[in-house]
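I have placed the structure first, in the form of structure tokens, so that the comments after it can refer back to it.
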2 protein chains.
Amino acid sequence: MAQSSKPNSKKERRQESEKLILSAAEKVFAEAGFGGATMQLIADVAGLPKANLHYYFPTKESLYRQVVQNIFQIWLQAADVFDAADGPEEGIGAYIDAKMEISRRHPAGSKVWASEVMHRAPVIQDYLETTLAEWTEGRIAVIERWIEEGRMDPIDPRHLLYMLWATTQHYADFGHQIDTLNGGAPLNDAQWNAAKASVKRIILRGIGAQT
Amino acid sequence: MAQSSKPNSKKERRQESEKLILSAAEKVFAEAGFGGATMQLIADVAGLPKANLHYYFPTKESLYRQVVQNIFQIWLQAADVFDAADGPEEGIGAYIDAKMEISRRHPAGSKVWASEVMHRAPVIQDYLETTLAEWTEGRIAVIERWIEEGRMDPIDPRHLLYMLWATTQHYADFGHQIDTLNGGAPLNDAQWNAAKASVKRIILRGIGAQT
DNA sequence: GTGGTTCCTGACCGTATGGTCAAGTTCAGG
DNA sequence: CCTGAACTTGACCATACGGTCAGGAACCAC
């Protein structure tokens, strides 16, 4: 048997506990919002006593902040495809694919982010002003270069980015509405592919990056 | 002086009080979410004692429900332009204009709706299943007719509608993020017009309804 | 072993919240 | 006027919440 069921060193256990709590917190924050979420419910979902949460995360807000930061990191990584690309069709197409995939696999995280921004970003305002602003400027420069090179129509890069964010995240944030309009069932693989294809087609044609 | 400052009959006063409370509630629910909003804060914003709110709206949930229903009505009205139109360029263009205008004038309402849907629509699920589902089917039929008539490309109507909703509502729901990326200032008239134009241009070209 | 550190948790606390209520005030109709 | 209904509100209540803490359990280094 060796060490199959309890293979954990103390540090490993700590990381696992933190992940367990963060995962439960993401779900609960997404479904109830920061104000509606309770530490007790997060503890129940995680299968831990409430006092234990406060050992790892001293306050509700510190736990929430960690959840939001994790999501932000995931999004930043997804944006790498943007730079690696050769032109708008490939770059923006890959970015849409990546963000749609995140919406499918991390819907709770997307909702937490949306909720945070909707409530005027009380805990990650500094991220918006620094990291996100810098990232946005960089992407705007790339898009402007593409435009100068005649590889897409002269579109206002900011509004293009907003449209990309809005459309892709909509499938996570408003997933419940989409599921309801889908007869109550989540989108299946084919429907997700159709969604990706529709979004890419409309946007890429709309900006003149695809014939 | 006649009856300038206190021209109100009892029924008029009732309606005014309800509107005052609903307006304050919309703001507070939008900024704090259902769980984070407090009746006390709503009362303070409305300038009324808390007990008075409970006279007009017996519970927090009944007040919230009324707020959500009001927003839904506004959106349904905006959709009239869709049917009145002759073709996709006019109909979808006008719909985008109307929804962008709502995002600008009723950002709080849009946020409340978004929050409600993100939290799995606990109080308006029946609306999604009935009114919204029927409205959506009707609009899908219109779009399919346009496609059959060759007035736009064969786009999946559902994903087109989702994109319209996502993009227009993004300017309300994520307005804080947009403002931050705009140097901390709200979009001015010219910027709003640029936003409308960008959205319309990309989508209308993207679906082949504009050359 | 054993000493010390980390981890775990039931019981507890102060506070804030949604909601109630009874006593008043205002007002329309007769 | 007068009366009854509609309206207003300060004080109050039960509950639920975030957070604390002390005492114990588990674990690691020596």
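Any value given below was found using the heavy atoms of this structure, including those in side chains, with hydrogens, waters and symmetry copies removed. Each chain gets a letter, A, B and so on, in the order its sequence line appears, and its residues count up from 1.
- Ionic pairing of Glu144(A) and Arg139(A) is not present here: no N-O contact between side-chain nitrogen and carboxylate oxygen is shorter than 4.0 angstrom.
- As a whole-Å value, the separation of Phe57(A) CZ from dC8(C) P is 12 Å.
- Of the residues in residues 111-124 of chain A, none has a non-hydrogen atom less than 4.0 angstrom from any atom of DNA chain D.
- Taking atom CG of Leu41(A) as the reference point, atom C1' of dG19(D) lies 17 Å away to the nearest angstrom.
- Here dT17(C) presents its P atom at 12 Å from CE of Met39(B), a figure rounded to the nearest Å.
- Closest heavy-atom contact between Trp192(B) and Ser103(B): CH2-C, 4.2 Å.
- Ion pairing between Lys27(B) and Glu31(B) fails under the 4.0 Å rule for side-chain N and carboxylate O.
- Computed from coordinates, the Ile42(A) CD1 to dC17(D) P distance equals 12 Å when rounded to whole Å.
- One can place CD of Gln15(B) at 16 Å from P of dA6(D), the figure rounded to the nearest angstrom.
- Between the CD atom of Glu18(A) and the C1' atom of dT6(C) there is a distance of 13 Å, rounded to whole Å.
- As a whole-Å value, the separation of His54(B) NE2 from dG18(C) P is 7 Å.
- Aromatic ring orientation, Phe82(B) versus Trp135(B): perpendicular (interplanar angle above 60°, classes split at 30° and 60°).
- Here the P atom of nucleotide dC7(D) and the CG atom of Leu20(B) are 15 Å apart, to the nearest Å.
- Qualifying salt bridge (Lys or Arg N to Asp or Glu O under 4.0 Å) partners for Asp189(A), counting only residues two or more places apart in sequence or in other chains: Arg104(A).
- We find that Glu26(B) and Lys111(B) are not joined by a salt bridge, their nearest charged nitrogen and carboxylate oxygen being 4.0 Å or further apart.
- Ala43(A) comes within contact range of no nucleotide atom at all, as no heavy-atom separation falls under 4.0 Å.
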- prompt: Quick one: what's the B/S/- string for nucleotides 8-16 of chain D, heavy-atom cutoff under 4.0 Å, read 5' to 3'?
  reply: BBB------

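- When each of Ile207(A), Leu161(A), Asp156(A), Ile155(A) is tested with Ile143(A) by the rule side chain to side chain contact (heavy atoms under 4.5 Å, CB included), just one qualifies, namely Leu161(A).
- For Phe72(B) and Trp113(B), the distance between ring centers is under 6.0 angstrom.
- Exactly one of Arg120(A), His119(A), Gln125(A), Glu116(A) qualifies for a side-chain hydrogen bond (donor to acceptor under 3.5 Å, both in side chains) with His176(B). That residue is Gln125(A).
- In this model, the phosphate group of dT6(C) is not approached by any side-chain N or O of Arg14(A) to a distance below 4.0 Å at OP1 or OP2.
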